[in-house]
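Notes to accompany the following structure.
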Number of protein chains: 2
Amino acid sequence: MRKEIKKNTALELNPNVSVDCVIFGFDFDKLNVLVINRDYANGVQRALPGNLIYDDEHLDQAANRVLEELTGLQHIYLEQIGAFGDPQRISKESDRSWLQSIRAQPDARVITIAYFSFVKMEDYQPQASSFAKSAEWIPINDIKELAFDHYEILQAAKSRLKQMIKIRPIGFNLLPEKFTLSQLHKLYESILDKPLDKRNFRRKIQKLNIVMSLKEKQRGVPHKPSQLFMFDKDQYLRLMQNGFDNFGF
Amino acid sequence: MRKEIKKNTALELNPNVSVDCVIFGFDFDKLNVLVINRDYANGVQRALPGNLIYDDEHLDQAANRVLEELTGLQHIYLEQIGAFGDPQRISKESDRSWLQSIRAQPDARVITIAYFSFVKMEDYQPQASSFAKSAEWIPINDIKELAFDHYEILQAAKSRLKQMIKIRPIGFNLLPEKFTLSQLHKLYESILDKPLDKRNFRRKIQKLNIVMSLKEKQRGVPHKPSQLFMFDKDQYLRLMQNGFDNFGF
DNA sequence: GCTCTATGTGTCATTTTAACACTTTCAAAT
DNA sequence: ATTTGAAAGTGTTAAAATGACACATAGAGC
């Protein structure tokens, strides 16, 4: 018998449904993703933060709870990517042996609902706990494999991010309050994974009026100091409401 | 005790995960959606075709199977919309009483994975079976309520369709092999839910080279007969491969 | 042959895009 | 004090895309 009898208590995990989170961060040079490391027989393996949901829990809440339990990150707006449900998605040998050490029903079919978000890296210092041995930011392009089907989920998240940047001014979430246009430019290049003409980029961004130039400049840099900017929240909200559908580079 | 002991046989339904399908059709005038009718104590209620998945089944396969079982539609490319997982999503009284008549574990938490697709209405005459009393095309704008959270799912599907039409030439799937530009025009207006300038629409479509004009005209219409067109499959595939991201009306 | 109805067609002003190179400002090193 | 290195900042032009707009045409039914 593989499944246990399941009582209807509020705090019971649902053995068939999990959530996984892809959290993007930007270090002014490249995109990073938040991963946890877990011990297993033959070493350490990376995975996205994720776990089973409780039976009476909203999916979105579950994603937030799990993310916090494993990495300490709180109060993050997570957006659903979709469900991943290959019946074999958790049956690699390294995954199975690990599941046996942490799950009451390690052989249950599990479908997972993936979520993603993007944050200012500086604001969130990951703090591992629960079954995560550690939690850290890893450059996206350095990731060659992950547990379960998490690599596939990561690719889906990247492609959603790429789409999303064309219809929403995402920089808001990934950059600190004050930033330079070069940093924003680099962010767009990192996400779209292609070079963008500097002058055309600046023209296009400025026409949207979502950035306001401050009276302040960078200091201590060994080159011409850059103007600092902030996002204009009102203008941002106005754009979003009018269903803004062209931010295409 | 709400859940039964669950054995690990291949043909067992997973009590926690279902799929639901939103199938759009176009009758040359407006968008329709395929719904099933089910009997319950106080009458008839409409629902999207959907049901539990088997424990060893891919989600996509489950969606295809369920759609066929309930409506007879086969061989349809279904695209995932996402997961819907409100813990209360199946607890309206009318839904519960109906579930008790068809489910082994009517009180289990069920999350559903929604799929959508669009077909040529003429090619698919719905044939109800299983617990569907009937299956039929209903104009989208006539639908005011559906079972469970299906109305919400329908809205999500509509909004995905609206997005998708901006990045893919969807007419391929919704129109018969030979069609007129006016029909295509009307289709775009129905999906986008706003009028589009006739001349600008025609110019834009023709520039893409995805439609080929035939040597054939409409016959028997009480007005100037329209030129017939077909889609150019090669050009379509070429466009799709190059990641075609602007079809914006 | 008259009427009704949907088809089909072109222009122009405005906006958007893509391509492209040099000067400026600061810190650090000499 | 001068030089050097490194990134910031800035404008023009040609080509393409967009949006607004009105009237002649072809067939069916009477």
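Chain letters run A, B, ... following the sequence lines, proteins first and then strands; every chain starts at 1.
- When each of Ile23(B), Leu73(B), Leu34(B) is tested with Tyr124(B) by the rule side chain to side chain contact (heavy atoms under 4.5 Å, CB included), just one qualifies, namely Leu73(B).
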Take nucleotides 23-30 of chain C nucleotide by nucleotide from the 5' end and write B, S or -, depending on whether a protein heavy atom sits under 4.0 Å from the base, only from the sugar-phosphate, or from neither.
-BBBS---
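- Taking 4.0 angstrom as the limit, Ser226(B) places a side-chain polar atom (N or O) nearer than this to OP1 or OP2 of dG8(C).
- Non-hydrogen atoms lying under 4.0 Å from DNA chain D are contributed by Ser182(A), all within residues 177-186 of chain A.
- The side chain to side chain contact (heavy atoms under 4.5 Å, CB included) search around Asn173(B) returns Phe118(B), not counting sequence neighbours.
- Environment of CD in Gln206(A): crowded, with over 12 heavy atoms of neighbouring residues, nucleotides or ligands closer than 6.0 Å.
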Using residues 211-218 of chain A as the side-chain source, report each donor-acceptor pair under 3.5 Å to any protein atom, sequence neighbours left out, with the distance given to one decimal.
unit_1	atom_1	unit_2	atom_2	d
Glu216(A)	OE1	Lys178(A)	NZ	2.9
Gln218(A)	OE1	Ser226(A)	N	3.1

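- Rounding to whole angstrom units, NZ of residue Lys198(A) and C1' of dC22(C) are separated by 10 Å.
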Distances for protein N or O near nucleotides 2-4 of chain D N or O, under 3.5 Å:
none

Run the side-chain donor-acceptor check on residues 132-139 of chain A: report pairs under 3.5 Å with partners two or more places apart or on a different chain.
unit_1	atom_1	unit_2	atom_2	d
Ser134(A)	OG	Asn37(A)	ND2	2.8
Glu136(A)	OE2	Asn37(A)	ND2	2.9

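- Contact annotation for Gln218(A): no contact, since no heavy-atom pair falls under 4.0 Å across all strands.
- Residues that satisfy the side-chain hydrogen bond (donor to acceptor under 3.5 Å, both in side chains) test with Arg219(A), not counting sequence neighbours, are absent from this structure.
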All N/O pairs under 3.5 Å across the protein-nucleotides 10-13 of chain C interface:
unit_1	atom_1	unit_2	atom_2	d
dG10(C)	O6	Arg199(B)	NE	3.4

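- Contact annotation: Lys204(A) side-chain N/O to dT16(C) OP1/OP2 distance is not under 4.0 Å.
- Between Lys194(B) atom NZ and dA20(D) atom P there is a gap of 10 Å when expressed in whole angstrom units.
- Rounded to an integer number of Å, the gap from CZ of Arg202(B) to P of dT18(D) is 18 Å.
- Across the protein-nucleic acid pair, Gln206(A) atom CD and dA8(D) atom C1' stand 13 Å apart, rounded to whole Å.
- Remark: the Arg238(B) side chain and the Gln235(B) side chain contain an N/O donor-acceptor pair separated by less than 3.5 Å.
- Using modelled atom types, one finds a donor on one side chain and an acceptor on the other under 3.5 Å when comparing Thr112(A) with Asp20(A).
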Derivation and outcome, side chain to side chain contact (heavy atoms under 4.5 Å, CB included), residues Phe26(B) and Asn32(B):
CA-CA 6 Å; Phe26(B) 181 62; Asn32(B) 289 257; over 6 Å; no
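- To the nearest angstrom, C1' of dG8(C) lies 16 Å from CD1 of Ile205(B).
- Taking the ring-ring contact (aromatic ring centres under 6.0 Å, His included) definition, one finds that Phe131(A) meets it with Trp98(A), sequence neighbours left out.
- The side-chain hydrogen bond (donor to acceptor under 3.5 Å, both in side chains) test applied to Gln45(B) returns Arg38(B), not counting sequence neighbours.
- Atom CG of Leu196(A) and atom C1' of dA19(C) are 14 Å apart (whole Å).
- Sorted by first and then second residue, the pairs that involve residues 64-82 of chain A and meet side-chain hydrogen bond (donor to acceptor under 3.5 Å, both in side chains), not counting sequence neighbours, are Glu57(A)-Arg65(A), Arg65(A)-Glu69(A), Glu68(A)-Gln74(A), Glu79(A)-Arg168(A).
- The nearest whole Å value for the distance from the CZ atom in Phe201(A) to the P atom in dG9(D) is 13 Å.
- The interatomic distance linking Leu208(A) (CG) with dT16(C) (P) rounds to 10 Å, in whole Å.
- Heavy atoms of other residues, nucleotides or ligands lying less than 6.0 angstrom from CD of Glu122(A) number more than 12.
- For the ring pair (Phe, Tyr, Trp, His ring centres under 6.0 Å) condition, the pairs that include at least one residue of residues 151-183 of chain A, sequence neighbours left out, are Phe172(A)-Phe231(A), Phe172(A)-Tyr236(A), Phe179(A)-Phe231(A).
- If you check every strand for non-hydrogen atoms under 4.0 Å, Lys207(B) touches sugar and phosphate atoms only.
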